[in-house]
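First the proteins, then the strands, lettered A, B, ... as listed; each starts at 1. On a predicted model such as this, the values are computed, not experimentally measured, just so you know.
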Number of protein chains: 2
Amino acid sequence: MSHTLRLTGRLEPRGAWTAERCPIARTLQVVSTRSAFLILREAFYGTTRFDDFAERVGISEPVTAARLRELVEHGLLEREDYREPGQRTRRQYRLTSRGAELLPVLVALMQWGGRWLDEHGGPVTLLHRECGEPVSAELRCAAGHHVDDEELELAPRRRTATD
Amino acid sequence: MSHTLRLTGRLEPRGAWTAERCPIARTLQVVSTRSAFLILREAFYGTTRFDDFAERVGISEPVTAARLRELVEHGLLEREDYREPGQRTRRQYRLTSRGAELLPVLVALMQWGGRWLDEHGGPVTLLHRECGEPVSAELRCAAGHHVDDEELELAPRRRTATD
DNA sequence: CCGTATCCTGATAGATACTG
DNA sequence: CAGTATCTATCAGGATACGG
């Protein structure tokens, strides 16, 4: 058993794309810290306000402010000021679609933690609203097959004429 | 459009499971740093040796040693000494099945980076070996439906009799 | 309610030099 | 090849106090 991808074609010079062009590394430049991941988690849970982020993630105000600012700068959250009649102005932070597309990352992290670090699979589950069945992040190919890790192949991307 | 999960049932006291029991937070205690994620990436790519990890991830030896030790301690990698006839003893680090199950996290990170941070979808693709189709991490329910983020529901896990 | 300003601690990580 | 030892810089993050 070899939990290892097989490589097709050529990928060198290895260091070149590894350091700067690896999409995993690039994503980690945008969300690298624990607090960033957990703020995104809260955004998915529906949290929108500064104080709620700080309290529910369990981080201090300065850290909350820094992470929210960075996430807005990177376009994962957007800040919006609004005012309900008779109330004072409030702010809310909401996921953009760019940010929302990180959901599979969070679900995969949740899944792994529930499976390997919790006695009984963790305190919460995700369900498909339409049918009530539990949801998980899994690997699928475009043809719709479930893909096991031994069935994966890493290939250099084909360049198109416009590249 | 509301990129936000709807909640079913009760989850309070919120702070209680958020701080310590949230499976995302717990996973991030095991792999929290950039270097840990990238070492796992390399392990998936087939890297097994100390020097190769250091060079391909682009980190110093002390950092490499620290991360490898932690990942072995947490059971994501296993260290194995081996000796080929006529050669001297070598060491290799290989993914355990526990570690291999983090693959969806890495694929999801790769996918997001390729989509949002790269001009042309990033330098590499994952393919399903059997059929050659590109692979992605997506959300599915146990009934096999593709699940969109608006179709997600967060529910407290039901306790079984043995809990 | 939504932050900023300061100060402080500890962890992440680079550079360099050295050992089995 | 596979690390350890040191030394240092940078950054994540807590605590506290304060301002719009």
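For the pair Thr33(A) and dC11(D), the criterion of a side-chain N or O lying under 4.0 Å from OP1 or OP2 is not met. In this structure, Arg79(B) reaches the dG3(D) phosphate: one of its side-chain N or O atoms is under 4.0 Å from OP1 or OP2. Here Arg91(B) reaches the OP1 or OP2 of dG3(D): one of its side-chain N or O atoms lies under 4.0 Å away. Dashed line: the shortest gap from a side-chain N or O of Arg69(A) to OP1 or OP2 of dC2(C) is not under 4.0 Å. Side-chain N/O atoms of Arg49(B) include one lying less than 4.0 angstrom from OP1 or OP2 on dA2(D).
For the pair Phe53(A) CZ and dC2(C) C1', the computed distance is 13 Å after rounding to whole Å. As rounded to whole Å, 16 Å separates atom P of dG3(C) from atom CD of Glu55(A). Look at CZ on Arg83(B): it is 14 Å from C1' on dG20(C), rounded to the nearest Å. At whole-Å resolution of the value, CZ in Phe50(A) and P in dG3(C) are 6 Å apart. Atoms CD1 (Ile39(A)) and P (dC2(C)) sit 13 Å apart, rounded to a whole Å. Atom C1' of nucleotide dT12(C) and atom CD of Glu70(B) are separated by 10 Å, given to the nearest angstrom. Distance CZ (Arg67(A)) to P (dG14(D)): 10 Å, rounded to an integer number of Å. As a whole-Å value, the separation of Asp81(B) CG from dG3(D) P is 8 Å.
The ring pair (Phe, Tyr, Trp, His ring centres under 6.0 Å) test applied to His145(B) returns His128(A), not counting sequence neighbours.
If you check every strand for non-hydrogen atoms under 4.0 Å, Ser35(A) touches sugar and phosphate atoms only. Residue-level contact check: Tyr93(B) touches the backbone only, with heavy atoms under 4.0 Å from sugar-phosphate atoms and none from bases.
Side-chain atoms of Leu117(A) and Trp112(A), non-hydrogen and from C-beta on, do get closer than 4.5 Å to each other. Looking at heavy atoms from C-beta onward, Leu106(A) lies in side-chain contact with Phe44(A) at the 4.5 angstrom threshold. In this structure, the side chains of Arg49(A) and Asp51(A) stay at 4.5 Å or more apart for every pair of heavy atoms.
Between His146(A) and the choices Glu151(A), Arg140(A), Glu138(A), the side chain to side chain donor-acceptor pair (under 3.5 Å) rule is met once, by Glu138(A).
Mapped onto DNA chain D by nearest heavy atom, Ser32(A) and Pro62(A) fall at different nucleotides, with Ser32(A) at the one closer to the 5' end.
Listed nucleotides dA13(C), dT4(C), dG3(D) differ in distance to Arg34(B); the shortest reach to its side chain belongs to dA13(C).
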